[in-house]
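Here's the structure, in structure tokens; my notes come after.
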Amino acid sequence: MYANHPPDTPPEHNDTNAMPVFQDDDDLSIISNHTGNTNNKNNPTDHEVEVNLTNLNNKKRKPASRRGSFSSNEVFLKNNSTNNITIDINEKSLSNDSDKDDKVVIRPVNDEDDLSVIITFNQGISPFIIILTFVASISGFMFGYDTGYISSALVSINKDLSNRILSYGDKEIITAATSLGALISAIFAGTAADMFGRKPCIMFSNILFLIGAIVQITSHRFWQMAAGRLVMGFGVGIGSLIAPLFISEIAPKMIRGRLTVINSLWLTGGQLIAYGIGAGLNHVHNGWRILVGLSLIPTVLQFCLFFFLPDTPRYYVLKGDYEKAKAVLRKSYTNASDEVIEKKIHELAALNKSIPGKNRPARVWNSIKELHTVPSNFRALIIACGLQAIQQFTGWNSLMYFSGTIFETVGFSNSTAVSIIVSGTNFIFTLVAFFAIDKIGRRSILLIGLPGMTVALTICSIAFHFIGIKFEGNDAHVAHEGFSAWGIVIIVFIILFAAFYALGIGTVPWQQSELFPTNVRGIGTSYATATNWAGSLVIASTFLTMLQNITPTGTFAFFAGISALSFVFCYFCYPELSGLELEEVQTILKDGFNIKASRQLAKKRKQQVAEAADLHDIKLEPTEEIIED
Ligand SMILES: O[C@H]1[C@H](O)[C@@H](O)[C@H](O)[C@@H](O)[C@H]1O
């Protein structure tokens with residue numbers, strides 16, 4: 001809502017780039033020029049532009065239309081009287097076809113994370129943001145480590161619990177208890193984060209991790225172990241929701257995707273490390289207790305570090321603690337002037353008022369209502385829950401949990417090593433996603449990943465048919481014993497499946513916070529995270545039954561089918577959000593999924609950043625693409 005340029009003082013440009021000012025009857029003024037003309041470098045002068053104004057805030061549609069000629073590269077929007085304006089910009093004289101029917105609708109800022117609108121363009125990431133990101137993403141590590149160690153622990157537990165070999169059902173309960181705990185806590189975590197703060201919730205999850213681990217380490221009975229896993233699950237659920245939320249609230253826009261993927265990197269890294277250590281401790285007496293005990297290190301570390309770190313500025317503003325919010329912003333954006341910080345705080349405070357309700361419970365209730373009744377929120381919910389469901393129902397976790405068993409049945413004696421290769425691939429391709437998510441874009445990596453997964457799963461399904469594998473009871477029978485060519489095919493394509501999965505659907509759903517505006521972010525991400533854990537619970541507990549009842553061929557064909565359908569869902573419903581301002585996300589989802597508009601807008605934002613970088617003016621100028629009050 002604020003730029004560093006006072007409203008009446010347009011930024012300095014040379015004459016050919018002078019910007020027209022339109023004065024509307026409603027005291028709306030627009031200073032506009034359009035990026036489209038960057039494609040028309042031979043004729044950098046005038047374009048005729050028609051600007052249509054619609055004042056939505058007054059609930060009366062009052063279109064006004066003005067024409068003007070101008071030529072510079074930015075769109076400036078200045079709004080003196082209202083919070084909601086739709087601007088249609090039609091360029092009449094662009095030579096470039098793709099931009100001819102450009103219709104960009106931009107709505108004024110309505111979300112606190114537009115912090116990036118003001119500051120992101122101006123300076124790189126500060127060490128303080130890096131520290132906050134890394135400490136928050138220890139939750140990702142806990143998520144990965146705690147879901148990863150259980151398969152090795154179950155092998156080495158032997159008769160240590162209740163003096164008996166664990167039955168298959170016992171193992172399922174111990175494994176599923178964490179997912180169940182995570183599902184339960186995820187339902188409440190988003191609301192708790194709004195009520196008590198993000199940081200206290202993360203620290204509370206540390207306490208749950210601690211209690212859960214101690215209960216497990218000291219357990220000699222099966223039920224105590226299951227209870228410990230459940231408590232630990234409560235912690236996992238909270239951490240899995242809050243860490244990405246925390247990071248997205250402190251991240252500058254152009255690298256928001258990447259910073260959130262750091263959490264996923266810790267997650268997949270945690271799984272890999274758990275597999276590695278688990279393999280090493282497999283034959284050590286009580287090795288599983290050491291494996292669980294090691295999880296105490298990161299959780300205690302995160303708890304201690306958070307004593308010295310703040311919450312997000314957004315949360316402080318929500319609480320009315322403006323001084324703390326300012327202090328965090330100052331440390332995060334060291335080059336930003338006090339004036340910019342001050343304005344940002346005002347902006348956040350103004351946005352906070354937009355959450356209706358006299359007290360917190362009333363606001364929570366209103367958020368729930370708004371999530372379902374406001375079309376853009378509901379679309380965000382469909383996307384967020386849809387992606388999390390796809391992540392789980394395409395079968396990755398069942399492979400994670402049972403890959404050892406599968407590899408043994410197709411003739412690999414060193415199945416642990418192969419499992420480590422599979423989860424290593426998951427980690428490495430999460431790293432690839434880290435580099436791709438802001439540059440290539442979230443939508444693009446999803447649309448590359450899902451077909452890749454479909455092909456890999458289909459080939460595995462066919463290979464299983466030729467291997468002639470059958471699951472009966474807890475045993476697997478293979479028609480042709482020993483190592484075979486089809487066995488190699490299965491390994492290779494499971495590894496490829498892991499790569500395509502990690503590149504797209506394994507990573508992108510955790511960007512969920514950016515889909516929702518402030519007033520429904522907590523509750524919206526709760527729904528999505530709970531969907532994730534519900535899916536994980538269902539798939540992990542039905543996978544072996546599926547192998548038995550519909551054969552491995554049928555099971556893999558089923559996952560391939562879901563992947564193919566998911567591609568269709570993402571193709572039609574998931575807009576490109578990389579580089580977009582958060583308020584633009586809401587605009588995109590306002591009257592549909594608007595895939596085309598999102599792609600055009602994302603492309604423009606990237607061009608603008610690239611141009612600004614060429615001109616070396618990226619560092620000290622706040623972004624000029626700001627909607628002002
Ligand atoms: O994004 C993560 C990641 O892909 C993990 O490997 C998987 O185990 C989790 O379920 C998922 O949420």
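Atoms within each ligand, like the ligands themselves, are counted from 1 in listed order. Heavy atoms only: backbone and side chains are in, while hydrogens, waters and symmetry mates are out. For this chain, numbers begin at 1 and follow the sequence in order.
Take Asp194 and apply the salt bridge (Lys or Arg N to Asp or Glu O under 4.0 Å) test, not counting sequence neighbours, and it matches Arg198, Arg314. Residues forming a salt bridge (Lys or Arg N to Asp or Glu O under 4.0 Å) with Arg229 (at least two apart in sequence, or on another chain): none.
Centroid-to-centroid, the aromatic rings of Trp533 and Phe234 stay 6.0 Å apart or farther.
Protein neighbours of ligand 1 below 4.0 Å, counting non-hydrogen atoms: Phe143, Leu267, Gln271, Gln391, Gln392, Trp396, Asn397, Asn426, Tyr501, Gly506, Trp510, Asn532.
Taking the six-membered ring for Trp and thresholds of 30 and 60 degrees, Phe556 and Phe543 have ring planes more than 60 degrees apart, a perpendicular arrangement. Using the six-membered ring where Trp is involved, Tyr145 and Tyr149 have ring planes that are tilted, between 30° and 60° apart.
Within the structure, side-chain hydrogen bond (donor to acceptor under 3.5 Å, both in side chains) pairs that include any residue of residues 564-578 comprise Glu576-Ser578, Ser578-Lys606 (at least two apart or interchain).
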